[in-house]
4 protein chains.
Amino acid sequence: MTLKNIDQLFQASLAQSDLSEKQKAVLQASLTLFAEKGFERTTTRDIATLAQVSEGTVYKQFKTKQQILDAILQPFITQVFPQAANEFIAELTARPVTSLHAFIQFIVYDRINFGLTNQKQLKVLVQQLLDNGRLLAELGQVFDKVLQGPIKSTLNQLQRQGELVNWSHARIFRHIISTVLGYVLPIIILPIADPDVEKITAEATEFLYAGLHQKKA
Amino acid sequence: MTLKNIDQLFQASLAQSDLSEKQKAVLQASLTLFAEKGFERTTTRDIATLAQVSEGTVYKQFKTKQQILDAILQPFITQVFPQAANEFIAELTARPVTSLHAFIQFIVYDRINFGLTNQKQLKVLVQQLLDNGRLLAELGQVFDKVLQGPIKSTLNQLQRQGELVNWSHARIFRHIISTVLGYVLPIIILPIADPDVEKITAEATEFLYAGLHQKKA
Amino acid sequence: MTLKNIDQLFQASLAQSDLSEKQKAVLQASLTLFAEKGFERTTTRDIATLAQVSEGTVYKQFKTKQQILDAILQPFITQVFPQAANEFIAELTARPVTSLHAFIQFIVYDRINFGLTNQKQLKVLVQQLLDNGRLLAELGQVFDKVLQGPIKSTLNQLQRQGELVNWSHARIFRHIISTVLGYVLPIIILPIADPDVEKITAEATEFLYAGLHQKKA
Amino acid sequence: MTLKNIDQLFQASLAQSDLSEKQKAVLQASLTLFAEKGFERTTTRDIATLAQVSEGTVYKQFKTKQQILDAILQPFITQVFPQAANEFIAELTARPVTSLHAFIQFIVYDRINFGLTNQKQLKVLVQQLLDNGRLLAELGQVFDKVLQGPIKSTLNQLQRQGELVNWSHARIFRHIISTVLGYVLPIIILPIADPDVEKITAEATEFLYAGLHQKKA
DNA sequence: TATGAATGAGCCTTCATTCAT
DNA sequence: GATGAATGAAGGCTCATTCAT
């Protein structure tokens with residue numbers, strides 16, 4: 001079953017950490033506030049108040065405010081995204097890919113839900129990506145790794161079948177990600193209360209399928 | 001001639017304002033620093049130093065640091081983008097649109113160059129868009145307006161000719177923008193020193209054309 | 001046998017106290033850290049870590065950090081110094097004082113060794129003396145008491161023999177202490193790795209003897 | 001006329017600095033508070049309040065609290081002490097040295113007055129010397145330099161005349177300083193309200209003369 | 001009794017903003 | 001108008017001290 005909620009992974013990541021309940025509350029509160037107000041405009045006093053903890057406790061585990069941010073972002077890069085990718089891939093391999101259209105539809109639907117379910121986390125991540133080129137580079141490496149895994153054979157198969165264009169997998173993914181983000185990011189930023197996921201999925205799928213399927217000679 | 005450098009528009013916008021030379025220097029310095037370090041991490045002392053102006057002068061025209069940011073962003077929304085859009089449209093209308101492929105190729109090439117030439121400004125804008133949903137909404141209205149202008153007939157014509165899919169103009173633009181940003185944003189953020197504009201243009205055009213052209217029945 | 005190491009006295013003082021092993025470790029660690037970094041710059045966490053004890057334990061016996069310092073200094077004033085003085089005096093009385101020169105030489109050699117052997121303790125003491133006039137006053141009373149003891153007769157005898165100048169014993173001691181500290185304190189503060197005790201003793205003795213012996217009419 | 005008040009030199013040093021009145025007030029207030037309560041126990045708020053200045057102003061010139069301390073101590077080492085030494089030497093050379101006794105008496109009287117007049121400054125200096133071996137080393141170099149100047153010939157002359165012992169000038173100075181500090185430091189630390197300068201001078205002079213004059217064969 | 005997580009007052013420092021010159 | 005010294009509110013962070021386990 002594809003995991004659609006980063007929180008579950010984030011919670012799992014927290015659970016297997018050696019952090020106390022209060023320190024987990026600190027990370028939760030920080031995540032919420034960073035998403036709402038941004039990193040700079042969030043004070044350690046804000047965090048302590050929301051986490052129902054003293055300011056001293058905030059600094060028991062994390063030596064600086066920056067380290068709190070790192071503690072939130074690091075699992076995203078090293079655990080949440082790879083694991084989400086793995087589960088995504090597992091689902092892909094579980095069901096035999098019958099056609100390019102089904103493949104694209106699945107990806108799009110899955111990733112749009114993923115994005116909409118985790119608006120808060122994505123907002124923090126995107127904000128930091130803008131400030132921090134290194135972070136984007138790390139994220140790029142995660143994607144590269146995903147493309148080296150089982151998804152590679154799926155794409156190769158679709159290309160051999162003459163369904164998928166013979167472009168590099170990286171390029172194909174770039175187009176997919178761009179198109180999905182073209183719908184998801186405006187929703188996250190604005191934010192739009194009740195997006196029509198079905199319509200969005202249909203539109204994105206339709207466009208991507210047209211753009212990526214092999215034209216018959 | 002399409003204007004490819006926001007600076008020229010920004011300068012023109014400054015020129016016809018009633019700001020003194022020093023005030024303009026303040027805005028220029030602020031733009032540079034906001035792009036480099038972000039709004040919050042830029043101090044008014046930084047601005048004054050780079051603008052070769054006293055801190056007092058910074059506050060002569062702008063009552064708060066936020067007003068400086070507004071003074072930078074507002075022209076983007078109300079002047080720079082509309083005017084850039086107008087010039088873009090003028091160019092479009094000047095040359096009769098012969099085919100969808102030529103149309104897409106022109107847009108993509110033009111906008112990629114626009115993005116790459118104005119990395120600094122775009123970075124500030126994107127950062128603020130993330131913090132400020134209202135800004136994105138305003139920008140959306142600008143796009144709506146553009147779509148109501150001469151470009152509307154061009155798109156209509158392409159659709160009547162059976163070249164362009166019969167989707168809403170907004171949706172078509174969303175796909176174009178997403179695809180172009182999928183190439184431009186990573187370059188701006190990382191930043192990549194010497195992007196291969198020709199290759200990028202070719203790839204984006206190829207994908208967009210495939211995705212947007214009317215399939216023969 | 002003259003005791004040359006305050007640690008032995010300090011340990012003895014600890015041994016006959018009702019402090020637990022851990023409490024003693026707290027005092028030992030505090031002494032070391034106060035000497036190295038000063039009282040203010042030593043944190044209770046530092047102390048707990050070096051004493052291999054929890055922070056809570058530090059506060060079991062001592063209600064405040066200041067009380068730890070008091071617990072270290074108090075024995076110096078009331079026990080270590082008087083006892084050191086007593087042993088010094090015992091040694092003096094054990095061997096009949098044959099001449100002023102021998103007397104001075106013995107004192108100087110003994111006290112220089114005392115100072116050099118207990119650099120750590122002296123540094124803490126001197127630092128606190130500067131902050132705390134009362135402490136110096138208490139120390140002065142200890143010296144007064146010493147001068148009232150057996151040493152009084154020794155000095156009187158040397159004065160009656162016409163060897164020692166007829167100054168007050170307090171004044172004589174002041175000159176001796178000043179001269180010895182003039183050599184010892186720079187070594188403690190700098191710190192000088194390998195002081196030439198023989199040379200120092202010779203120089204201080206030579207000067208003090210010249211300054212304190214009775215000039216023949 | 002020998003300058004007996006460091007304040008005058010300190011003020012002169014401030015006057016020829018480019019510090020504003022308020023920033024001089026910061027240094028003055030800091031000096032007073034550091035002497036009263038020690039460096040660590042003095043808060044920047046204390047300083048601002050006593051200097052009748054905002055906390056921001058405290059940090060206009062000095063980037064850290066430590067730099068305030070440095071700004072106070074540095075002139076002592078590089079200016080106040082050397083200049084005081086120069087004036088002292090000038091006075092020495094102005095009046096021909098008739099005898100060792102007069103020489104010692106002059107030095108002792110002069111330095112005791114110097115010390116008693118500048119108790120506040122000396123207390124801060126001594127406290128820092130204990131924490132900072134490097135500072136003591138720098139001070140030692142200042143003394144070395146003094147001993148290389150005009151005072152050298154005075155001492156040489158007294159030694160040639162057979163009045164002064166043939167010890168190294170450094171050693172002679174060490175004994176003089178020790179003896180004077182033996183009287184001055186207790187007064188500074190305790191503090192003693194109304195010291196009998198005449199008596200102190202007489203005692204120190206008598207002892208030093210006895211200790212340093214050449215014994216007839 | 002011993003622990004160490006938790007507290008919160010208060011510190012040093014920054015920086016947007018003001019205002020006398 | 002221009003300057004930059006001065007302001008002071010507020011932020012990040014430390015650390016002596018407490019207390020539930």
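Below, read A as the first sequence line, B as the second, and so on, with proteins coming before strands; counting in each chain starts at 1.
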Practice prompt. Could you state the atom-to-atom distance from CD of B:Q61 to P of E:dT17 in whole Å?
Written response: 15 Å
Worksheet entry | Protein-nucleotide distance (C:Q67, atom CD; F:dA16, atom P), rounded to Å | 15 Å
Fill in: B:S54 side-chain N/O to F:dT3 phosphate OP1/OP2 under 4.0 Å
yes
Worksheet item: In terms of the nearest nucleotide of DNA chain F, which residue is placed more toward the 5' end: D:T57 or C:K65?
Response: D:T57
Worksheet item: CZ of B:R41 versus P of F:dG11: gap in Å, rounded?
Response: 17 Å
Fill in: Dot-bracket summary - DNA chain F, pairs being Watson-Crick or G-U whose distances fall under 3.5 Å, with | when paired to another strand
.||||||||||||||||||||
Worksheet entry | For C:K120 against C:A35, the heavy-atom pair lying closest together | CG-CB, 3.2 Å
Worksheet entry | Value in whole Å for how far the C1' atom of F:dA6 lies from CD of D:Q23 | 10 Å
Worksheet item: With sugar-phosphate meaning primed atoms plus P, OP1 and OP2, does A:V53 contact a base, only sugar-phosphate, or nothing at under 4.0 Å between heavy atoms?
Response: sugar-phosphate
Item to complete: Assign each of C:T42 and D:E21 to its nearest nucleotide of DNA chain F by heavy atoms, then name whichever residue's nucleotide is nearer the 5' end.
Response: D:E21
Worksheet item: Any donor-acceptor pair under 3.5 Å linking the side chain of B:T57 with the backbone of B:V53?
Response: no
Practice prompt. Considering just the side-chain nitrogens and oxygens of B:T44, establish if one lies under 4.0 Å of OP1 or OP2 belonging to E:dA16.
Written response: yes
Discussion item. Can you tell me how far apart CG (B:L130) and CD (A:Q128) are? Round to the nearest 0.5 Å.
Written reply: 10.0 Å
Worksheet item: Which nucleotide in the list E:dT3, F:dG11, E:dA5 gets nearest to the side chain of A:K60?
Response: E:dA5
Discussion item. Output the rounded distance in Å from CG (C:D70) to C1' (F:dA16).
Written reply: 15 Å
Worksheet entry | Gap between atoms CG and C1', on A:D46 and F:dC13 respectively (whole Å) | 15 Å
Worksheet item: D:D131 and D:Q127: side-chain donor and acceptor closer than 3.5 Å?
Response: no
Fill in: Audit row: D:K65, D:Y59, side-chain contact (heavy atoms from CB on, under 4.5 Å) steps and yes/no
CA-CA 8 Å; D:K65 194 176 124 182; D:Y59 281 87; 4.3 Å; yes
Response to the item:
Result for 5'-nearest mapping on DNA chain E, choosing between B:Y59 and D:Q66, is D:Q66
Worksheet item: For C:Q52 and E:dA2, what is the distance between atoms CD and C1' respectively, to the nearest whole Å?
Response: 15 Å
Discussion item. Nearest whole Å is fine: how far is E:dT13 P from D:I47 CD1?
Written reply: 10 Å
Discussion item. Rounded to the nearest 0.5 Å, what separates atom CG in B:L50 from atom CG in B:L33?
Written reply: 5.0 Å
Discussion item. Return whichever of C:R45 or C:K22 has its heavy-atom-nearest nucleotide of DNA chain E closer to the 5' end.
Written reply: C:K22
Item to complete: Decide yes or no, distance alone: a donor-acceptor N/O pair under 3.5 angstrom between the base of E:dC12 and the side-chain of D:E55.
Response: no
Discussion item. Main chain of D:Q52, side chain of D:K22: is a donor-acceptor contact present, judged purely on distance under 3.5 Å?
Written reply: no
Worksheet item: Among side-chain atoms of B:T43 and B:D46, is any donor-acceptor pair under 3.5 angstrom?
Response: yes
Item to complete: When you get a sec, tell me which of E:dA2, F:dA2, E:dC15 is the closest nucleotide to the side chain of B:T43?
Response: E:dC15
